[in-house]
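Let me begin by presenting the structure, written as structure tokens, before commenting on it.
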Protein chains: 2
Amino acid sequence: MAVALDEIDVRLLKELQTDADRPNVELARIVGLSPAATLNRVRRMKEAGVIRHITARLDSATAGFALQVYLLVTLARHDDAAERRFAAEVASLDHVISADSVAGEIDAILMLVAHDVAELHVTLSRLSTRGGASRLVTLLRLAELKPSSPLPLRATSVHSRRSA
Amino acid sequence: MAVALDEIDVRLLKELQTDADRPNVELARIVGLSPAATLNRVRRMKEAGVIRHITARLDSATAGFALQVYLLVTLARHDDAAERRFAAEVASLDHVISADSVAGEIDAILMLVAHDVAELHVTLSRLSTRGGASRLVTLLRLAELKPSSPLPLRATSVHSRRSA
DNA sequence: GATGAAATAGCATTTGC
DNA sequence: GCAAATGCTATTTCATC
């Protein structure tokens with residue numbers, strides 16, 4: 001599932017995770033390759049799935065969402081049908097902007113946004129009723145401690161095997 | 001803090017949050033404006049801070065991180081010095097890829113990645129010792145229930161006031 | 001198998017309206 | 001916000017290492 005990356009790939013990925021909003025020629029200068037070679041590497045990494053997509057990251061507050069909330073969810077039941085039902089409900093709720101299932105003290109962790117408490121309330125209710133959540137712990141996001149940061153990538157050291 | 005957005009802005013932001021990896025002329029066609037006008041709107045939204053940045057989103061697993069973990073953190077102390085110390089530790093740990101302080105049953109929620117358990121262990125230890133965390137609840141990410149989705153933006157209805 | 005250089009087609013960006 | 005024009009860029013091609 002993992003993909004081999006050399007030092008140049010790692011450098012490219014680091015740059016693209018930080019700021020993908022610049023010309024390919026600039027990336028090429030940074031990594032010391034020609035624009036064509038740079039373009040090829042980036043295209044390959046997209047095809048390989050290392051780069052999932054390139055997107056704009058918005059500031060939720062500036063976009064009008066006064067409330068940003070993490071939700072720790074415990075499901076009432078854990079059979080396949082219940083889990084599918086929950087996933088479907090999560091998918092249908094616009095205010096849930098991401099969700100992961102997890103192993104640990106809870107079953108899933110969700111990120112939601114809302115303009116006000118009433119809007120939040122509607123989403124929470126839906127998750128309890130239609131979603132089948134038995135316990136919802138709401139964590140109000142107060143501040144960003146560390147912004148979304150690049151992955152600490154390492155080059156796949158194929159050549160170091162020679163000395164091993 | 002919030003910014004006024006009309007229907008075209010909302011449409012542009014929705015498209016850019018889904019896929020920012022396409023030419024401005026295509027966006028222009030989608031929203032029915034000229035390329036110049038489209039470019040101006042996007043630039044203004046960047047300056048206004050609605051668009052924080054444009055980045056590549058990687059697939060952690062494909063990039064080699066077998067473990068992706070949410071961490072629920074309770075701090076031992078809550079004075080300013082302790083919080084600054086924790087923030088500094090979080091900032092210095094490469095494997096912590098994002099962190100927010102929250103209000104609720106815990107103090108902060110972190111997202112971490114690791115190649116293996118040993119690597120995870122190191123980061124957890126640092127958060128306990130130097131970071132001053134008194135309780136760490138580890139939630140292992142099993143699956144993505146809902147991918148990072150566009151914000152459910154609404155146009156700021158300035159004109160509807162005429163009928164109000 | 002990947003890179004570099006050159007060439008073409010296309011786009012970003014500016015200016016005047 | 002539009003249309004036209006300029007300059008630069010993305011993208012392909014092909015020879016090369």
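When reading the values below, keep in mind they use all heavy atoms of this one structure, side chains included, and skip hydrogens, waters and symmetry mates.
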Find which nucleotide of DNA chain D each of A/Ala36 and A/Arg29 is nearest to by heavy atoms, and output the residue with the more 5' nucleotide.
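Mapping each residue to its closest nucleotide by heavy atoms, the 5'-most match is A/Arg29.
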
What is the 5' to 3' range of DNA chain D, first to last nucleotide, that sits under 4.0 Å from any heavy atom of chain A?
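The contact span of chain A on DNA chain D goes from D/dT9 to D/dT12.
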
In whole Å, I'd like the distance from the [atom1] atom of [X] to the [atom2] atom of [N].
X	N	atom1	atom2	result
A/Asp21	C/dT13	CG	C1'	14 Å
A/Leu39	C/dA6	CG	P	18 Å
B/Leu33	C/dA12	CG	C1'	16 Å
B/Arg22	C/dC11	CZ	P	14 Å
B/Asn24	C/dA12	CG	P	5 Å
A/Arg44	C/dG1	CZ	C1'	8 Å
B/Asn40	C/dC11	CG	P	18 Å

Could you check whether the rings of B/His95 and B/His115 sit parallel, tilted or perpendicular, using 30° and 60° as the cut-offs?
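Perpendicular.
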
Name the nucleic acid region contacted by A/Ala37, choosing base, sugar-phosphate or nothing; use a 4.0 angstrom heavy-atom cut-off, strictly under.
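Sugar-phosphate: the residue A/Ala37, judged by heavy atoms under 4.0 Å, touches backbone atoms but no base.
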
Using a 4.0 Å heavy-atom cut-off, does B/Arg41 contact any base of the nucleic acid, only the sugar-phosphate backbone, or nothing at all?
sugar-phosphate

Output yes when B/Glu47 and B/Arg41 qualify as a salt bridge under the 4.0 Å nitrogen-oxygen rule, no when they do not.
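Not counted as a salt bridge, because no side-chain N and carboxylate O are separated by less than 4.0 Å.
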
Is A/Arg11 salt-bridged to A/Asp6, cutoff N-O under 4.0 Å?
no

Let's go through A/Lys146 and B/Glu89 carefully: what are the C-alpha distance in whole Å and the side-chain angles of both, what is the deciding distance for salt bridge (Lys or Arg N to Asp or Glu O under 4.0 Å) to 0.1 Å, and is it a yes or a no?
CA-CA 10 Å; A/Lys146 181 175 189 168; B/Glu89 194 55 33; over 6 Å; no

So, do A/Ile106 and B/Leu139 sit near enough that their side-chain heavy atoms are less than 4.5 Å apart?
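Side-chain contact under 4.5 Å: yes.
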
Tell me yes or no: between the side chains of A/Asp107 and A/His78, is some donor less than 3.5 Å from an acceptor?
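There is such a pair (donor and acceptor under 3.5 Å, judged by atom type) between the side chains of A/Asp107 and A/His78.
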
